[in-house]
2 protein chains.
Amino acid sequence: MKEKHNTREVILQTATRLFQRQGYNGTGLNQIIEESGAPKGSIYYHFPNGKEEIAIEAISMMRKLVLEGAEKDLTGKDSAAEAFEYYLNNVAAIFDLKSCIDGLSIGLIASETAFTHEQLRYSCEMVFKDLQSQHAQILMQYGFDREQAEELGITITAMIEGACILSITYQDGNPLRRIAKQLSLLLKRSQETQGEKQNGNE
Amino acid sequence: MKEKHNTREVILQTATRLFQRQGYNGTGLNQIIEESGAPKGSIYYHFPNGKEEIAIEAISMMRKLVLEGAEKDLTGKDSAAEAFEYYLNNVAAIFDLKSCIDGLSIGLIASETAFTHEQLRYSCEMVFKDLQSQHAQILMQYGFDREQAEELGITITAMIEGACILSITYQDGNPLRRIAKQLSLLLKRSQETQGEKQNGNE
DNA sequence: GTCTATATGACGATAGAC
DNA sequence: GTCTATCGTCATATAGAC
């Protein structure tokens, strides 16, 4: 019954949600306190370095949520194409109920802070690198060779991140569904080409 | 020699640059005035509706710059794959000199304002739709049929937007160069498949 | 751990002189 | 068209009581 950490945790969860929806500059500490219901006086006790410290930990939380969510959807399917199609269609469904995009898209905070907050930029860079690695790992599990998996890892990360922006802007999940389909085709064809390579073609 | 519009124009160009680098919430009117060197008292004369009006016109300027830049790079090549590879490698080069990303990536302002400023969200949505259309048009010029061109148009838009985020975060153009290569492959294979389709396969 | 009160500054916006 | 002055609001952050 360690309800001692509750306040800190609640602040962090609320901050994570707000940073994703409104960005770093668009979210004030007051709003975080109000929406979290946390005690007003507690924020600088739990986060002595203020807003930037909260953001760093929020990014870390987003990282955890995205990686775990992806892992769950991407494993145990029959092929890489099927796995990513399943994953992206699930993400699309989240965007349809436009209230909640928890654990998605650090693209906003990344591009906001790239030129102005080096520490936050670096945190985001690490998350993107983790995503690329995860995608590459998954592809190798489905039979891609390392080189091609790494090439595709960054491509998939970019496609997903871009599709999230489009879905947020359009306020529906259709762009993600389109990307799901195209990525599925790309993966099928890549795997065929890879096979040809092994059989001596080029 | 109509130097009368100069002030308005200078404000708009500076605002466009700053909004792209720092976002809508991260850019203050003071900064726009200071960096543009425009007269301090003139901003609400030229833009009676304040910051939001400036942003709307800035988005319109970004739209123009992106569409024209893309058009120039994408036409007159031997194939769609070659055209987009050329275009994206040029964009990548711009990201390497990380000072200037003029005319690129409305993704930041789009995701910042999607939930909070309906008019700005709508402006961004229209720009994305224009980009999709342009990409589809270009593909048709290189021989894609309409249906596939439109499917790919949104995919290409997402890939580019996502790759821009990665390049901004990593502070170099390499993600864009990787995407250029992968997109080139995707387009080649798509066009081959399309040929097979027409020959009765599927 | 939490509270209030407050310091300090930036913000967007307006009014009115010139 | 441009200027100054200023309003009101918000922001982050700190100090000190409880």
Side-chain angles (χ1 to χ4, degrees), chain A residues 1-59 108-109 112-113 115-120 123, chain B residues 1-19 21-59 108-109 112-113 115-121 123:
Chain A
M1 278 298 183
K2 39 173 183 178
E3 312 227 350
K4 285 155 53 188
H5 325 125
N6 234 338
T7 295
R8 191 175 198 279
E9 206 58 24
V10 164
I11 290 175
L12 215 45
Q13 279 169 13
T14 307
T16 303
R17 179 169 48 83
L18 291 174
F19 282 148
Q20 283 191 106
R21 285 179 64 96
Q22 309 172 341
Y24 182 74
N25 295 315
T27 304
L29 296 183
N30 290 337
Q31 193 185 9
I32 295 175
I33 287 301
E34 279 161 23
E35 296 207 12
S36 69
K40 294 204 176 195
S42 63
I43 200 163
Y44 278 93
Y45 171 80
H46 293 292
F47 304 93
N49 288 1
K51 191 179 185 180
E52 191 152 335
E53 183 178 352
I54 298 180
I56 289 174
E57 302 231 23
I59 291 169
L108 170 52
I109 191 164
E112 261 186 309
T113 60
F115 295 103
T116 52
H117 295 77
E118 174 55 22
Q119 220 176 133
L120 296 180
S123 300
Chain B
M1 278 297 183
K2 39 175 184 179
E3 310 227 351
K4 285 155 52 186
H5 326 124
N6 233 340
T7 295
R8 190 174 199 280
E9 206 58 24
V10 164
I11 290 175
L12 215 46
Q13 279 169 13
T14 308
T16 302
R17 179 169 48 83
L18 290 174
F19 282 148
R21 283 179 65 95
Q22 309 172 342
Y24 182 75
N25 295 315
T27 304
L29 296 184
N30 291 337
Q31 192 185 9
I32 295 174
I33 287 301
E34 280 162 22
E35 297 206 11
S36 69
K40 295 205 175 196
S42 63
I43 199 162
Y44 278 93
Y45 171 81
H46 293 292
F47 305 92
N49 287 2
K51 191 179 185 180
E52 191 153 334
E53 184 179 352
I54 298 179
I56 288 174
E57 302 230 22
I59 291 169
L108 170 51
I109 192 165
E112 260 186 311
T113 60
F115 295 103
T116 52
H117 296 76
E118 174 55 22
Q119 221 176 132
L120 296 180
R121 183 203 67 76
S123 300

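One can place CG of B:Asn25 at 14 Å from C1' of C:dA10, the figure rounded to the nearest angstrom. Between B:Ile33 atom CD1 and D:dG1 atom C1' the separation is 13 Å, expressed in whole Å. C:dG1 atom C1' lies 14 Å from atom CZ of A:Phe47, rounded to whole Å. Atom pair A:Glu9:CD and C:dG1:C1' shows a separation of 17 Å (rounding to whole Å applied). The interatomic distance linking A:Ile32 (CD1) with D:dC10 (P) rounds to 16 Å, in whole Å. Taking atom NE2 of residue B:His46 and atom C1' of nucleotide D:dT2, one finds them 8 Å apart after rounding to whole Å. Remark: P of D:dT14 and NZ of A:Lys40 are 19 Å apart, rounded to the nearest angstrom. Whole-Å rounding puts the B:Glu34 CD to C:dC11 C1' distance at 13 Å.
Among residue pairs with one or both ends in residues 37-56 of chain A, none qualify as salt bridge (Lys or Arg N to Asp or Glu O under 4.0 Å); sequence neighbours excluded. Residue pairs meeting the salt bridge (Lys or Arg N to Asp or Glu O under 4.0 Å) criterion with at least one member in residues 23-34 of chain A: none, sequence neighbours excluded.
Residues that satisfy the ring pair (Phe, Tyr, Trp, His ring centres under 6.0 Å) test with B:Tyr24, not counting sequence neighbours, are B:Phe19, B:His117. Listed by chain and number, the residues in a side-chain contact (heavy atoms from CB on, under 4.5 Å) with B:Gln31 are B:Leu18, B:Gln22, B:Thr27, B:Glu35 (sequence neighbours excluded).
The shortest heavy-atom contact between A:Ser36 and A:Thr14 is CB-OG1, 3.1 Å.
Note on A:Thr7: every side-chain N or O is 4.0 Å or more away from OP1 and OP2 of C:dG1. Between C:dC3 and A:Ser42, no contact under 4.0 Å exists linking OP1 or OP2 to a side-chain N or O.
Judged by distance alone, the side chain of A:Glu112 and the main-chain N or O of A:Asn25 form a donor-acceptor pair under 3.5 Å.
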Per-nucleotide protein contact along nucleotides 12-18 of chain C, 5' to 3', at a 4.0 Å heavy-atom cut-off (B base, S sugar-phosphate only, - neither), is SBB----

